[in-house]
Trainee: 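Got a structure for you, written out below as structure tokens; questions coming shortly.
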Amino acid sequence: MSWGAELWDQFDNLDKHTQWGIDFLERYAKFVKERIEIEQNYAKQLRNLVKKYCPKRSSKDEEPRFTSCLAFFNILNELNDYAGQREVVAEEMGHRVYGELMRYSHDLKTERKMHLQEGRKAQQYLDMCWKQMDNSKKKFERECREAEKAQQSYERLDNDTNATKADVEKAKQQLNLRTHMADENKNEYAAQLQNFNGEQHKHYYIVIPQIYKHLQEMDERRTIKLSECYKGFADSERKVIPIISKCLEGMILAAKSVDERRDSQIVIDSFKSGFEPPGDFPFEDYSQHIYRTVSDGTISTPKQEGMKIDSKTTVGKAKGKLWLFGKKPKWSVKMGPALEDFSHLPPEQRRKKLQQRIDELNRELQKETDQKDALIKMKDVYEKNPQMGDPGSLQPKLAETMSNMDRLRMEIHKNEAWLSEVEGKVAARGDRRHSSDINHLVTQGRESPEGSYTDDANQEIRGPPQQHAHHNEFDDEFEDDDPLPAIGHCKAIYPFDGHNEGTLAMKEGEVLYVIEEDKGDGWTRARRQNGEEGYVPTSYIDVTLEKNSKGS
């Protein structure tokens, strides 16, 4: 099966076919180029999608902690790797397929042009030989006609009796000349014919088959190259399938890593305040003070309007008690900027923040310590080898590092003191039955003695004011002087243990006499009917002052 033997007379068709083959190859190259652009755009869009949904982390507090969030971000990372593999596919196709096709197409065009030029030259040479043979043939034919005419003229004159001998002789000479010319042209024609036949045989059996063989080989190589590029086109993607499979497996593992229990626990750890739910509301018996005041001669009989409970105050307190289920009280919303010791936060959150800060400071201190050790070693090296550097040049940096270490140690000590304080308070709350109720139900914006918060966020009241001084002073007064007159009465909203010196223990619902108003420190001086006196937290009681005694 050879083009030279089977298609010896189809030069023009072979010209068209080889041109179509190159056009087809370039068309496939264009297809590959567009596929590369699709892969590149796909990878770019995937990366933009990942970038759009990746978290913008401005601080460690905003880092995702929930397993569902972490799984989603792992999926985004895997998708980003997947986009990278699409870029690898595009790069491999561009280098192995498209680039190879374009280079081969250029070489193919050059080779085809050379073979077609050789074929045209061979055809032109054969045409030239044919023209030479045809010219000699026509000349031989013309001379033969002239010789025939000379023969007829000679015979006519030879048979004519009136013709002279000279005319006959002249006609004979002309006949001999034409006959000689015809013989020479005959020999020329025979030689040209033999030459043309030889060239024609060479053209169709040697030259053209050789040229067509080269064209056939070129076309077959083009077909083989296309086959290789088809395979390379598929291999470019098949190579990355294992990595893509790993990306997909990573997404599946990320999905399996979602733990709803752990996420629920994170919510608890993030928002747990450390308080206990509020307790039951006590029954308020407004008639108790009537019987008490009748039997007690130390307090004059109050007027009816003086015995009424301030409904506005009571309603306000009731509203403040249930802030967990409605709006938060003003002190929890309008605390202003965060404080350095996180005292604006609930105890559990404050403890976590302080512990986190201590861990960060310890890490910074370790870095500074490592840097100090490195500087000391470098200084020793410089002292032993002065040519390597000046030891004095390290002194400013060493001093700065030591200063930073001292500063960090002070910060750590300060935060550890705050942490010990809040941990002690949380432990104290755990021992009390209604301590969390007290913190949630703070009224009049004051801090309870167990560590809630006052209107002034920078002032934290930790106990009754000047407990020892008051105790000693009042012990003397109680021994020598008459007791202070009552200016009103109060009812205990919550129980108070009164362990600290100078305080007065009370039970929930117990009615006491008020003998000294709150001076702004969160404590009110009260007395039982048996004469026992002491300080109680103002936020624990509901105070009613007598109008005729107010300010006395």
Side-chain angles (χ1 to χ4, degrees), residues 47 50-51 54-66 69-70 73-74 76-77 80-81 84 266 269-274 334-428 447 451-454 456-463:
R47 290 194 183 277
V50 171
K51 183 178 180 181
C54 271
K56 297 179 176 63
R57 300 175 185 175
S58 58
S59 66
K60 291 185 178 180
D61 294 339
E62 298 179 7
E63 291 184 358
R65 295 171 293 167
F66 297 102
C69 296
L70 293 174
F73 298 142
N74 288 335
L76 290 178
N77 291 332
N80 193 55
D81 295 340
I266 291 175
D269 294 340
S270 299
F271 303 114
K272 181 179 179 182
S273 65
K334 299 180 179 180
M335 288 302 297
L339 302 178
E340 183 183 6
D341 60 352
F342 300 112
S343 59
H344 62 290
L345 296 176
E348 183 68 18
Q349 301 301 318
R350 183 186 180 194
R351 184 186 64 78
K352 290 181 180 179
K353 289 288 186 181
L354 289 171
Q355 186 62 54
Q356 182 180 358
R357 181 188 287 172
I358 290 171
D359 294 340
E360 293 176 357
L361 291 172
N362 281 325
R363 286 193 291 269
E364 293 181 11
L365 179 60
Q366 185 61 41
K367 290 181 181 179
E368 294 292 337
T369 303
D370 295 341
Q371 184 173 357
K372 181 198 74 171
D373 295 340
L375 290 172
I376 292 175
K377 290 180 180 179
M378 188 180 297
K379 184 178 179 181
D380 293 340
V381 172
Y382 286 175
E383 289 175 351
K384 295 178 181 178
N385 302 283
Q387 68 276 10
M388 297 182 66
D390 181 15
S393 62
L394 300 176
Q395 192 60 36
K397 185 65 177 178
L398 189 59
E400 180 184 355
T401 303
M402 297 295 290
S403 174
N404 291 337
M405 291 175 62
D406 293 339
R407 177 181 57 80
L408 290 171
R409 289 193 184 99
M410 291 177 63
E411 288 291 329
I412 292 172
H413 180 72
K414 180 171 61 174
N415 283 272
E416 285 178 345
W418 288 333
L419 181 61
S420 300
E421 176 187 336
V422 73
E423 286 178 345
K425 290 180 180 180
V426 171
E447 177 188 19
S452 294
Y453 312 97
T454 63
D456 184 1
N458 294 317
Q459 179 181 1
E460 185 176 354
I461 307 300
R462 296 179 175 83

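As a basis for the values below, the full set of heavy atoms in this structure was taken, side chains included, without hydrogen atoms, waters or symmetry mates.
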Trainee: Got a second to check how far K377's NZ is from D373's CG, nearest 0.5 Å?
Mentor: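 Going from the NZ atom of K377 to the CG atom of D373 covers 6.5 Å.
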
Trainee: Roughly how far, to the nearest 0.5 Å, is CZ of R407 from CD of E368?
Mentor: 7.5 Å

Trainee: Would you find a donor on one side and an acceptor on the other, under 3.5 Å apart, between the side chain of S403 and the backbone of A399?
Mentor: no

Trainee: To the nearest 0.5 Å, tell me how far H413 NE2 sits from L408 CG.
Mentor: 14.5 Å

Trainee: Dump the intermediate steps for salt bridge (Lys or Arg N to Asp or Glu O under 4.0 Å) on D406 and R409, then the final yes or no.
Mentor: CA-CA 5 Å; D406 293 339; R409 289 193 184 99; 3.4 Å; yes

Trainee: Within the distance-only criterion (no hydrogens, no angle test), does the side chain of N362 pair as donor or acceptor with the backbone N or O of I358 below 3.5 angstrom?
Mentor: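 Pair found, side chain donor or acceptor close to backbone of I358.
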
Trainee: Closest heavy-atom contact between P396 and G392?
Mentor: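 Smallest interatomic distance, heavy atoms only, reads CD-O, 3.5 Å.
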
Trainee: Would you compute the distance between atom CZ of R363 and atom CG of D359 and round it to the nearest 0.5 angstrom?
Mentor: 6.0 Å

Trainee: With heavy-atom distances below 4.5 Å as the criterion, would you say the side chains of K379 and Y382 are in contact?
Mentor: no

Trainee: To the nearest 0.5 Å, what is the distance between NZ (K372) and CG (N404)?
Mentor: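 Reported to 0.5 Å precision, the distance equals 12.5 Å.
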
Trainee: Do E360 and Q356 make a side-chain contact, defined as non-hydrogen atoms from C-beta onward lying under 4.5 Å apart?
Mentor: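 Answer yes - side chains close enough.
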
Trainee: Measuring from M405:CE to Q366:CD, what's the distance to the nearest 0.5 Å?
Mentor: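 Nearest 0.5 Å value for the CE-CD distance: 9.0 Å.
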
Trainee: Considering all heavy atoms of both residues, which atom of L375 and which atom of L394 are nearest to each other, and what is their separation?
Mentor: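 Smallest heavy-atom distance, with atoms named: O-CD1, 4.0 Å.
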
Trainee: The criterion is side chain to side chain contact (heavy atoms under 4.5 Å, CB included); which residues satisfy it with E411, sequence neighbours excluded?
Mentor: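 So E411 forms a side chain to side chain contact (heavy atoms under 4.5 Å, CB included) with E340, L361, K414, N415.
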
